[in-house]
Amino acid sequence: MTKQQKDALQKVQERLGRFLHLLGAHISKPRRKFLRDMVFGILTCGTPIVTDIARQLKEPISLKKTLKRLDYHLRQKGLHHQISQVNLQAHKAALKRCRYLIVDLSDIQRSWSSRQEGLAQVHDGSTGKLGPGFWLCNAIGASADAQTLVPAWSDLYSLKVESTSENLKILDTVYSVQKVLDTPLITVIDRGGDRSKLMLPLIQEGLPFINRQVGNRHVYFKGEALLVEDVATCVHLRDTFRVRKMGKHRSREETHRAGIVSVQLTPEGPNLWLMVTHRKGKGRCFFLGFLPDITEASEALSTMFEGYGVRWKIEEVHRHIKTTYHWEAISVEKYVKLKNLNAIFWTAISFVYARLESIAHILVLSSGVALLHRMKIREITGFIYYKLSKCVTILLASVVPRHHHPKPRRPSTEAQIPLPLNY
């Protein structure tokens with residue numbers, strides 16, 4: 001291992017050690033060790049399969065005993081909620097730097113499985129077909145420029161096992177993340193957020209949101225109940241936004257015309273913003289926003305356009321996790337173990353996004369593996385998490401958990417001179 005690789009490995013070890021120290025601050029010692037081993041194993045082997053994780057630990061006991069220990073903790077009820085909460089607390093500072101909370105429903109397809117508890121028919125977003133699997137309610141924090149992404153919450157559920165609903169899962173996700181923050185983030189949801197059972201509770205709690213409209217909703221415009229599509233005909237598209245999108249080989253520019261008006265969801269409800277956008281050849285899109293701290297139409301328009309533009313980042317995160325870390329390969333049989341493993345898996349992913357993004361270019365250039373194909377600056381300035389994940393796997397492959405957990409450094413006060421000051 002070269003000096004550059006050793007320095008890069010030390011940086012990863014130190015940050016992982018501090019991260020695990022924060023996670024284990026409020027849980028028991030055996031559970032702390034279990035969480036450490038699972039996070040390390042997922043990052044090293046790049047898969048949530050428990051057998052592969054156990055092999056990466058390289059413990060001086062039989063593999064059977066290691067699997068038995070991991071299986072014991074995975075069977076604990078309520079573990080997923082505890083881990084999700086400590087993960088939120090560990091990323092509290094990073095979430096405060098974000099402006100938007102992107103919530104999205106995803107799925108895990110299990111077409112090859114028949115023995116897992118809770119299997120239900122779910123809609124596959126990739127193929128558009130129904131198949132056996134589980135639903136996922138995920139949330140990430142995102143900055144205004146989308147450079148900071150913080151995987152904050154993931155809840156795997158089955159409507160065959162839990163007495164719940166999709167609306168309750170979304171609201172629970174939003175409330176859980178917003179609860180740890182002093183200033184609420186703006187929740188951004190796609191068409192699935194166009195529901196009164198979601199918007200009215202969020203308005204009642206004073207939590208701002210932006211969601212895309214289907215078009216068949218009635219809103220109150222100038223005291224009259226009208227369809228969103230009918231109100232949109234009265235909106236003047238005076239503003240122009242130019243968006244540059246990166247393709248596989250080159251970028252392209254898209255021009256959107258947009259306008260905004262003030263509407264109400266209920267006759268006595270607060271004012272909301274209805275944004276209408278149009279792109280040549282693509283038709284119109286409608287967005288409803290509750291932004292209680294914004295009173296100017298121009299500011300509300302730029303915020304809503306920016307917020308929904310950032311929403312697509314969660315799709316990239318899902319694609320990255322499913323292809324790089326094989327999210328859909330989770331293969332434990334019991335439903336409780338499946339929920340717990342998903343929460344731990346999401347915690348490991350959040351470390352890569354929230355703790356290593358600031359030094360990603362250093363790690364990629366120091367890994368000793370040719371991760372840059374064209375040696376272009378844009379290769380380390382775009383969505384770098386594919387390369388970063390590969391780099392972390394390579395660096396951690398040479399260590400074991402008990403070697404990678406240094407105690408957090410504390411500044412020494414021995415050389416400081418005490419100055420008595422009289423106030």
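- Leu57 is listed as a side-chain neighbour of Phe40, based on a closest heavy-atom distance under 4.5 Å.
- Under the 4.5 Å side-chain criterion, counting only non-hydrogen atoms from C-beta, Trp273 is in contact with Leu291.
- Asp145 and Ser143 are linked by a side-chain donor-acceptor pair at a separation below 3.5 angstrom, with hydrogens and angles left out of the test.
- Using a 4.0 Å cut-off between a side-chain N of Lys or Arg and a carboxylate O of Asp or Glu, Arg279 and Glu254 qualify as a salt bridge.
- Between the Gln76 side chain and the Tyr72 main chain, a donor and an acceptor come within less than 3.5 Å of each other.
- Using modelled atom types, no side-chain atom of Thr44 and backbone atom of Gly41 make a donor-acceptor pair closer than 3.5 Å.
- Within 6.0 Å of NZ in Lys322 there are more than 12 heavy atoms belonging to other residues, nucleotides or ligands.
- Residues Arg355 and Ser350 have side chains that never bring a donor and an acceptor to within less than 3.5 angstrom of each other.
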* **Candidate pair Val243 and Phe305, rule side chain to side chain contact (heavy atoms under 4.5 Å, CB included), full reasoning** => CA-CA 10 Å; Val243 180; Phe305 192 87; 3.7 Å; yes
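- Here the side chains of Leu43 and Ile349 are not in contact, with every heavy-atom distance at 4.5 Å or above.
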* Stepwise side chain to side chain contact (heavy atoms under 4.5 Å, CB included) test for Thr277 and Arg257 -> CA-CA 6 Å; Thr277 64; Arg257 296 170 54 227; over 6 Å; no
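- In this structure, CD1 in Ile140 is found 11.5 Å from CG in Leu185, a value given to the nearest 0.5 Å.
- Aromatic pair Tyr157/Phe134: centroids not less than 6.0 angstrom apart.
- No side-chain donor from either of Ser84 and Asp155 sits under 3.5 Å from a side-chain acceptor of the other.
- Nearest heavy atoms, Met304 versus Gly289: CE-N, 3.5 Å.
- Summarising the geometry of Trp346 relative to Ala139, their closest heavy-atom pair is CZ2-O, 4.0 Å, with the distance given to 0.1 Å.
- In this pair, Tyr325 and Phe345 present their aromatic rings perpendicular. The plane angle is above 60°, beyond the 30 to 60° band.
- With values rounded to the nearest 0.5 angstrom, Ile49 atom CD1 is found 5.0 Å from Ser331 atom OG.
- Under the 4.5 Å side-chain criterion, counting only non-hydrogen atoms from C-beta, Ile203 is in contact with Phe209.
- Inspection of the Tyr308 and Asn211 side chains reveals no N or O donor paired with an N or O acceptor under 3.5 Å.
- Side-chain N/O atoms of Ser358 and Arg15 include a donor and acceptor closer than 3.5 Å.
- Taking a cutoff of 4.0 Å between a charged side-chain nitrogen and a carboxylate oxygen, Glu166 and Arg195 qualify as a salt bridge.
- Between His318 and Asp104 the shortest side-chain heavy-atom distance falls below 4.5 Å.
- A salt bridge links Asp71 with Arg75; the closest basic N to acidic carboxylate O contact falls under 4.0 Å.
- Between Asp172 and Leu168, the closest side-chain pair of non-hydrogen atoms is not below 4.5 Å.
- The number of heavy atoms from other shown groups lying within 6.0 Å of CD (Glu296) does not exceed 12.
- The minimum heavy-atom distance linking Arg212 with Cys285 is given by the pair NH2-SG, 3.1 Å.
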* Yes or no on side chain to side chain contact (heavy atoms under 4.5 Å, CB included) for His278 and His256, after CA distance, side-chain angles and deciding distance? -> CA-CA 6 Å; His278 178 269; His256 298 258; over 6 Å; no
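- Using a 4.5 Å heavy-atom cutoff, the side chains of Met38 and Leu341 are in contact.
- Side chain of Lys339 to main chain of Leu156: a donor-acceptor pair is present (N/O by atom type, distance under 3.5 Å, no hydrogens or angles).
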* Test side chain to side chain contact (heavy atoms under 4.5 Å, CB included) on Thr266 and Leu200 and set out the steps. => CA-CA 9 Å; Thr266 58; Leu200 292 178; 4.2 Å; yes
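- Using a distance-only test at 3.5 Å, with no hydrogens or angles considered, no donor-acceptor pair links the side chain of Asp194 to the main chain of Gln213.
- To the nearest 0.5 Å, atom CD1 of residue Ile53 and atom CD1 of residue Ile344 are 8.0 Å apart.
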* To do: Please report the C-alpha distance between Arg284 and Glu229 in whole Å, then the side-chain angles of each, then the deciding distance to 0.1 Å, and finally whether the salt bridge (charged side-chain N to carboxylate O under 4.0 Å, His left out) criterion is met.
  => CA-CA 9 Å; Arg284 295 179 300 176; Glu229 291 182 340; over 6 Å; no
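- Side-chain atoms of Gln264 do not come within 3.5 Å of backbone N or O of Leu272 as any donor-acceptor pair.
- Residues Leu23 and Thr347 have side chains in contact (heavy-atom distance under 4.5 Å, counting atoms from C-beta outward).
- Contact detail for Arg242 and Thr255: the closest heavy-atom pair is CG-OG1, 4.0 Å.
- Pairing each heavy atom of Leu181 with each of Lys96, the nearest pair is CD2-CG, 4.1 Å.
- No donor-acceptor distance shorter than 3.5 angstrom exists from the side chain of Lys11 to the backbone of Leu363, with no hydrogens or angles considered.
- In this model, a donor atom of one side chain and an acceptor atom of the other lie less than 3.5 Å apart for Asn342 and Trp327.
- Listed for the Asn340 side chain is a donor-acceptor partner under 3.5 Å among the backbone atoms of Leu74.
- If you check the side chains of Asp7 and Gln5, you find no donor sitting under 3.5 Å from an acceptor.
- Checked by atom type, the side-chain pair Ser154/Asn138 shows a donor-acceptor distance below 3.5 Å.
- To the nearest 0.5 Å, atom OG of residue Ser398 and atom NZ of residue Lys6 are 10.0 Å apart.
- If you look at His320 and Tyr353, their ring centroids are closer than 6.0 Å.
- For the residue pair Gln89/Gln85, the side-chain donor-acceptor check at 3.5 Å is not satisfied.
- Under a 3.5 Å cut-off, the side chain of Ser176 and the backbone N or O of Thr173 do not form any donor-acceptor pair.
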* Run the ring pair (Phe, Tyr, Trp, His ring centres under 6.0 Å) check on Phe19 and His91 step by step: do they pass? -> CA-CA 9 Å; Phe19 177 63; His91 291 124; 5.3 Å; yes
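- The distance from the CZ atom of Phe34 to the NE2 atom of His73 is 6.5 Å, given to the nearest 0.5 Å.
- Within a 6.0 Å sphere centred on CD of Gln204, heavy atoms belonging to other residues, nucleotides or ligands number 12 at most.
- Residues Phe286 and Ala232 share a closest heavy-atom pair of CE2-CB, 3.4 Å.
- With Tyr335 as the fixed residue, the side chain to side chain donor-acceptor pair (under 3.5 Å) test singles out one of Glu117, Gln116, Glu162: Glu162.
- The distance from atom CG of Leu101 to atom CD of Gln178, rounded to the nearest 0.5 Å, is 5.5 Å.
- Side chain of Thr187 to main chain of Tyr100: no donor-acceptor pair is present (N/O by atom type, distance under 3.5 Å, no hydrogens or angles).
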